[in-house]
Amino acid sequence: MPELPEVETIRLGLRSHLEGRRLEDLEVFSARAVRRVSDLADLLSLAGRRIDEVARRGKFLWLVLDGAPRALVLHLGMSGQLLVHAEPPSDLPRHTAVVLHLDRGTVLFVDQRTFGHLDAVPLVPTPDGRPGGAGTTRPVMPATVAHIGRDPLDPSLDLPAVAGRMHRTTSAVKRVLLDQRYVSGIGNIYADETLWHARVHPERPAATLSVGELEGLVRTAGEVMAEAVRVGGTSFDALYVDTMGQAGYFARQLRAYGRTGQPCGRCGTLIERHVIGGRSSHLCPRCQRSMRVPSPITDN
DNA sequence: CGGGCCCTGGAT
DNA sequence: ATCCAGGGCCCG
């Protein structure tokens, strides 16, 4: 469920509670949550290390541990939560998958739909020698994150190069925005929001947009997601909450996602829901009829 | 490349 | 009973 703004909100919460703390112990309750770990011993061997950094690229989080060759990678999937408690709770919430015991405090990984996971992953160099993501100064990233691109909020993102690669695919532009290999962090909500702001139809082949237009689209995605981070992400039910269990406020600023049948904020035409590639897309059939050059988020 | 699948639970 | 949900991977 969480996209970049929700994961970033969680990262900021984790950072304030975890950096400098020691990971005393891990308790694993769900085999699925660690299914990618080739050796459970690798994960358990992280116990005892100090947490130096809480890093993120796209929707992936990782903890950089003092002197450890592996990072603790966390992905929340569709429904994962990371909840920080001062003391271990006397009874664990339903779907608690993993508990991290710190020298001060406890982190619960709770995951109803079990698409999330934790993993102990070796750190590998970034090809461009720049920091691996938000929250780290080191030019490394977990090997399992290396296949995804930098995200729109990453100052090291090579925007012209990414837009150039997007321009070389005939796939629908929404699918390209969702493809984490180009630019990471965008999910179904923010893809729909980005396309609404840019007035681009989701099924338009990416190759029919110019490189400059695609750059504008990625910039727009960054603007929308930065604003969402500012207000703590999007919550429409209890599933997305920050590390303190609090909801975010971006739902009230959504212009397309989940607004089927409600008037477009620009032209009043009713927002439609289309099923594209098995997932729903929300769009204004008038504003997003054809191509218009991406406009700033302030254009409404 | 699109399509199906991995899950649980809430809404209709 | 059926559909839907914020992700990602693997398949053909």
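Atom set for the values below is all heavy atoms of this structure, side chains included, hydrogens, waters and symmetry mates excluded. Per chain, numbering begins at 1; letters A, B, ... match sequence-line order.
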Practice task
Have a look at A/H117 and say if it touches a base, only the backbone sugar-phosphate, or nothing, with a 4.0 Å heavy-atom cut-off.
Solution key: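 Touches nothing.
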Problem - Pairing residues for A/R11 by the salt bridge (charged side-chain N to carboxylate O under 4.0 Å, His left out) criterion, not counting sequence neighbours - result: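 Testing A/R11 for salt bridge (charged side-chain N to carboxylate O under 4.0 Å, His left out), a comparison that skips the adjacent residues, returns A/E8.
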Rounded to the nearest Å, what distance is computed from the [atom1] atom of residue [X] to the [atom2] atom of nucleotide [N]?
X: A/I186; N: C/dG6; atom1: CD1; atom2: C1'; answer: 14 Å
X: A/F250; N: C/dG6; atom1: CZ; atom2: P; answer: 16 Å
X: A/R35; N: C/dG7; atom1: CZ; atom2: P; answer: 15 Å

Practice task
Go along nucleotides 3-9 of chain B 5' to 3' and tag each nucleotide: B for a protein heavy atom under 4.0 Å from its base, S when only backbone or sugar atoms are that close, - otherwise.
Solution key: ---BBBS
Exercise for the section: Determine which pairs satisfy salt bridge (Lys or Arg N to Asp or Glu O under 4.0 Å) with at least one residue from residues 180-191 of chain A, sequence neighbours left out, and list them in order. Expected result: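 Pairs touching residues 180-191 of chain A that pass the test: A/D179-A/R181.
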Exercise for the section: Enumerate the residue pairs fulfilling salt bridge (Lys or Arg N to Asp or Glu O under 4.0 Å) with a member in residues 77-101 of chain A, sequence neighbours excluded, ordered by first and then second residue. Expected result: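 Every candidate salt bridge (Lys or Arg N to Asp or Glu O under 4.0 Å) pair involving residues 77-101 of chain A fails, so no pair, neighbours aside, qualifies.
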Practice task
Measure the acute angle between the ring planes of A/F60 and A/H147, then classify it against the limits of 30° and 60° as parallel, tilted or perpendicular.
Solution key: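 Perpendicular.
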Donor-acceptor contacts, no H, no angles, side chain residues 45-53 of chain A, under 3.5 Å, sequence neighbours left out:
from: A/S45; atom 1: OG; to: A/A41; atom 2: O; distance (Å): 3.4
from: A/S45; atom 1: OG; to: A/D42; atom 2: O; distance (Å): 2.7
from: A/R49; atom 1: NH1; to: A/D66; atom 2: O; distance (Å): 3.2
from: A/R49; atom 1: NH1; to: A/G67; atom 2: O; distance (Å): 3.3
from: A/R50; atom 1: NE; to: A/D52; atom 2: OD1; distance (Å): 3.0
from: A/R50; atom 1: NH2; to: A/D52; atom 2: OD1; distance (Å): 3.1
from: A/E53; atom 1: OE1; to: A/T136; atom 2: OG1; distance (Å): 2.7
from: A/E53; atom 1: OE1; to: A/R138; atom 2: NE; distance (Å): 3.1
from: A/E53; atom 1: OE2; to: A/T137; atom 2: N; distance (Å): 3.2

Practice task
Compare every heavy atom of A/C284 with every heavy atom of A/T269, then report the nearest pair and how far apart it is.
Solution key: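 Closest approach of A/T269 to A/C284, heavy atoms only: CB-SG, 4.1 Å.
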Exercise for the section: For DNA chain C, write out the stems as range with range, using runs of 3 or more consecutive Watson-Crick or G-U pairs with both distances under 3.5 Å. Expected result: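 DNA chain C stems, ordered by first number: B:1-6 with C:7-12, B:8-12 with C:1-5.
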